[in-house]
Amino acid sequence: MTQPTNSLRGRVAIIGAGMIDFGELFSMSLEEMIEQAYLNALASVDKGLDAGEIEAAWLGTVYPAMGNTGLVLAHATGLFDIPVTRVENACATGSDAFRNASMAVAAGIYDVALVVGAEKMRDEPGGLIARSALKKLWLGRGVTMPAYFGLRATAYMERYGVGREGIAAVSVKNHANGVKYPHAHLRINCSLDEVLKAPYVSYPLGLYDCCPVTDGAAALLICRAELAQRYTDSPVYLLGSGLATDSFVRGGDLTSFKATQEAARQAYEMAGLGPEQINVAEIHDCFSITELISYEDLGFAPAGRGAELLEAGTVMLEGERPINPSGGLLSKGHPLGATGVAQLVELYEQLRGQAGAVQVKEPQFALQHNIGIGRWATGSVGCVHILGR
Amino acid sequence: MTPEHWRLRRANDRLIGFKCRSCGWVSFPERRKTCKRCRAAPAQFEEIQLSPYGKVLSYVIQQRLPEEFESPLAVAVIELEEGARLYGHLVETSAEELHVGLEVEADYRVMYRDEGLNVYSYKFAPRRNVAHDPAD
C-alpha cells in the first residue's frame, strides 16, 4: 500500500468533550439533548471557547424523521449562518460525523468545529426491532439486530468451540464497569449465571447479551492542532482514522467483521501504531459477541481466542489493556448516532486523566471502534479512531 | 404487485441468479452491472438457475419479534449449492434439529400480505430426501 500523502495524523486536536447522562429520557426532545451535550462540551474547554468561534458543525443521527437534517443542530444550539451537515452511516454514524469534521479541519478549511451525535430512540416503543418487519424479500425481513449478531455468535461458537459462557463474560465485565460510570443507562451488576439464565432474545443471545434501547447525545469540539494550546494545555490529538464497508453477500466467514479489520488497518497505518501500543479502548459491544469478535479484528487477540483476554483479566478495568471502561454499549446504552461520539468523549477524559471512578492508569494511546449494520441487515460499516496525548 | 416485487419477480419466484464470468461470484437476487466480489465494472454476468438446495451456515432462534411474525422464529444464513448467500426463514424444523451445516431445501410459501395480496417466495425446510451416497 502507498502511504497517504495527506494523513490526518496529529493535525486535529480535541479541546472539549461533553455528553448527557444516557437513559430513557422521555422528558427531553432530540433538540434538548443536543443542546445540553453542546453546552457540556463548551463548558469543558479549559481556557474557554466562545460559541462565535465555531465555524462549522456536523450532526450524526440515524433515525430518518423527515427534516432531521443539520438544521436540527442549528435550532438546538443557535449555530445558524455556518455550515452544518448531517451524517448518517448506520450505527457508526457518530464516528463518521467526527471523521468528516476532522478531515475539514485537517484540510485547513475551518479552525474550530463542533461534532454532535444524538439519537431519540425511546419515543418509538418498538425500537429497531419494529423496523425489522420489512416487506423486503431476501433483505433483512425478520433479521433483527439481535438476530444479525446472534448469527455471528452461533457461527463463532461452532467454529471455535466456545460456549455461551465465553461470550457472556463480556457482559459481566461491562456491566461491572457501567456501575462506576456516571453517564451509563444501566448501572447494574450481573453475574455470569444471570447472563446465562436470562431469557433468550435471539438464541444464542440472551437479554444481558444485548444493549438496551437508550436516548442520548454527546458532543466534541475540535480544532487545528496548531491552535490547541489556545484552548487547553492538555489537548488530545487524532492520530489515525479508518472507515470501511463490507457485505455478507460477498462471502467470507461469519466469525469476523472485515469492515472492522480494514478500518483498523487504515487507522493503525495512519497512526504508525500497532494494537500492542494501545493502552485503552472503547469497542462496539452492541452485543457481547460483537466485543469478543472485535478483540480479534482489532488485533488484540488471535482469531478464536478473544475469550482468553477476559480469562486472563487483560481487558478488565485494572488489567493491562482495559476495554470499555465506560461499561460499553451494554451498560451505557446505544443511542445510535450518539454512540461513536460518546466513546470519543470517554477516551478524551481517559487520556486527560479525568475519567474518575473508571480512570485507567496513565494511558498514552486510545482506540475507538464503532460498527454499524445497514442496508436491511446485509451490509456492515466499521470505523476506527486512534487518539493520543 | 409493487414495483420492487415486479423487478425481482424472477428471483423471488424462480430462484434465478447471475454468475460473474470473472470470479464466479453469484449475484442474488439483483441483476447488476458490477461485481461485488472482484469489482469488475462492468462485469459480465451469466444467468443461472439456482438449485433449491443449500446448507445452513449459521442460525438463530428469535423470541422477540414484531407481531406479524410467528415466534419463536428460526432464521438462518444459507448458502445455496452455487454459492449464493442469503437469509432464509426456516420451517418444519425444531431447535433440536437445527445445526450449522444442516442441509435445507427451498419451499415456495406465502411470505406476507402486501396491499391485500399474498406475496410468495421461498422459505427453507430441512432436506428430507437426501440422495443416497452411491458408496452406501
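Computed over heavy atoms, backbone and side chain alike; hydrogens, waters and symmetry mates excluded. Letters A, B, ... mirror the listed sequences (proteins, then strands); counts begin at 1. Everything numeric here is computed off the predicted structure, so don't read it as measured data.
B/V60 is not listed as a side-chain neighbour of A/F149, based on a closest heavy-atom distance of 4.5 Å or more. Using a 4.5 Å heavy-atom threshold, the side chains of B/Y122 and A/L137 count as separate. Counting only heavy atoms from C-beta outward, the side chains of B/D114 and A/K135 approach each other to under 4.5 Å. Side chains of A/T378 and B/Y87 form a contact here, defined as non-hydrogen atoms less than 4.5 Å apart.
In this structure, chain A has a heavy atom under 4.5 Å from the backbone of B/A76, while its side chain stays farther away. A/R141 touches chain B through backbone and side chain together, each having a heavy atom under 4.5 Å away. Heavy atoms of B/H99 lying under 4.5 Å from chain A are absent altogether. In this structure, chain B has no heavy atom under 4.5 Å from any part of A/A153.
With chain B as the partner, the residue from A/P204, A/S247, A/P199, A/A155 showing the most heavy-atom pairs under 4.5 Å is A/A155. Counting heavy-atom pairs under 4.5 Å between each of B/V119, B/V75, B/L8, B/V77 and chain A puts B/V77 at the top.
Interatomic distance, CG of B/L86 versus CZ of A/F248, reported as 6.5 Å (0.5 Å rounding). To the nearest 0.5 Å, the span separating OG on B/S58 from CG on A/L151 amounts to 5.0 Å. Distance check, rounded to the nearest 0.5 Å: CZ of A/R250 to SG of B/C38 gives 10.5 Å.
With respect to the salt-bridge test (charged N to carboxylate O, under 4.0 angstrom), the residues A/R375 and B/E30 qualify.
The number of heavy-atom neighbours closer than 6.0 Å to NZ of B/K55, taken from other residues, nucleotides and ligands shown, is 12 or below.
Applying the side-chain hydrogen bond (donor to acceptor under 3.5 Å, both in side chains) test to residues at least two apart or on different chains, the pairs with a partner in residues 188-198 of chain A are A/S191-A/E194, A/D193-A/K197.
The six-membered or imidazole ring of B/F28 lies near that of A/W138, with a centre-to-centre distance under 6.0 Å.
Among residues 61-74 of chain B, the residues having any heavy atom closer than 4.5 Å to a heavy atom of chain A are, in sequence order, B/I61, B/Q62, B/Q63, B/R64, B/L65, B/P66, B/E68, B/F69.
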